[in-house]
Amino acid sequence: MKLRIGHLYPDLLNLYGDRGNIQCMMKRCQWRGIEAETVEFALEDSVDFQNLDIVLLGGGSDREQMLVCSKLRSIRESFQSYVEDGGSVLAVCGGYQLLGHYYKTEEGTIEGLSLVDLHTEQGSPRLIDNIVLENSDFSLPIVGFENHGGRTYIGENKPLGRVLYGHGNNGEDGYEGVLYKNVVGTYLHGPLLPKNPHLCDYLLSNALKRKYGIAELSPLDDSQEEAANRYIYERFVKQGTPR
Ligand code: GLN
């Protein structure tokens, strides 16, 4: 078995080491004897989504988002077919905002891919903090760090989790991120996956199921990953002020 991970525009969308998410996915495949390969795409490259099993769209500043947005519009149709066909996507922060219809900033409106029915508006102050989520479909909390000016509104879509500590999508409704088909959109920067092995395996098993019809992943020794996750949970939820 082999998974191909596509990293879209790492030169522009790679804030806070979002690339670490790819290393985590590669490692968790290799530890299980599943081959994994990463293909990086620059702005001038064409993207053949038919050859990809997981796509990472990382975070970027408003300026960088503006630079990639016209390119993204040109690959929109094939990206949309990939998503509708159940292709796995991890979109972080700026990448998450670009999944939606638009991101409205003081400098102008950045048009998104409209792959998921959501939109973002810039607000003040920036929402910066550690963050902890719960989602009863996952065995562990989801922990990370957020830093965004945008407030995202996901309408009727399913969130990635309920905020136990931190701000989330817009600092108002108590939810963070989005789950749409096999797309995970989130403000959690990173790298997000090393401390959230359950989320990494969610992406991998969705990709394997689509490609090979196999969703079962062999268990790994996650004691260190779980200890890192527990540390954040205990520091901010148990000892901190829950929201
Ligand atoms: N530029 C976006 C914002 O500030 C996303 C930032 C990011 O990816 N950290 O909301």
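First listed ligand is number 1; within each ligand, the first listed atom is number 1. Values below: every heavy atom of this structure, side chains too, minus hydrogens, waters and symmetry copies. As the structure is a prediction and not an experimental result, all values here were calculated from the model.
Each of the atoms 3 (C), 4 (O) of ligand 1 lies under 4.0 Å from some heavy atom of Arg126. Which parts of ligand 1 touch Gly94 is read off a 4.0 Å heavy-atom cut-off, strictly below it: atoms 5 (C), 7 (C), 8 (O). Close contacts between ligand 1 and Leu15 involve ligand atoms 7 (C), 8 (O), 9 (N) [criterion: under 4.0 Å to a heavy atom]. Proximity to Gly59 (heavy-atom distance under 4.0 Å) selects the following atoms of ligand 1: 8 (O). Remark: ligand 1 atoms within the under-4.0 Å shell around heavy atoms of Gly149 are 3 (C), 4 (O), 10 (O).
No donor-acceptor contact under 3.5 angstrom links the side chains of Glu84 and Ser81, judged on distance only. A donor and an acceptor atom, one from each side chain of Gln122 and Asp62, are located under 3.5 Å apart. Between the side chains of Glu176 and Thr186, a donor-acceptor pair is found at a separation under 3.5 Å. Side-chain atoms of Tyr96 and Asn169 form a donor-acceptor pair, as typed in the model, at a separation below 3.5 Å.
Contacts between Val92 and ligand 1, counted as non-hydrogen atom pairs separated by less than 4.0 Å, are absent for every part of the residue.
Here Glu40 pairs with Arg19 in a salt bridge; the nearest charged N to carboxylate O distance falls below 4.0 Å.
Checked options Asp53, Asn182, Asp85; the residue passing with Arg210 is Asp85 (criterion: side chain to side chain donor-acceptor pair (under 3.5 Å)).
Under the salt bridge (Lys or Arg N to Asp or Glu O under 4.0 Å) criterion, Lys27 pairs with no residue at all, not counting sequence neighbours.
Contact detail for Val163 and Tyr175: the closest heavy-atom pair is CG2-C, 3.7 Å.
In terms of polar-atom proximity, Tyr16 is not counted as a contact of ligand 1, lacking any N or O under 3.5 Å from an N or O of the ligand.
The nearest heavy-atom contact from the protein to atom 1 (N) of ligand 1 is Asp62 OD1, 2.5 Å.
Within the structure, the closest approach of Gln122 to ligand 1 does not fall below 4.0 Å when heavy atoms are considered. Contact annotation: Tyr187 has no heavy atom less than 4.0 Å from any atom of ligand 1.
In this structure, of Gln65, Glu64, His189, His148, the residue bringing a heavy atom nearest to atom 2 (C) of ligand 1 is Gln65. Relative to atom 5 (C) of ligand 1, the option among Gly123, Gly60, Gly58, Gly95 with the closest non-hydrogen atom is Gly60. If you check each of Cys93, Ser61, Gly150 against atom 8 (O) of ligand 1, the one with the closest non-hydrogen atom is Cys93.
For the atom pair CZ (Arg4) and CG (Asn51), the distance works out to 5.0 Å, reported to the nearest 0.5 Å.
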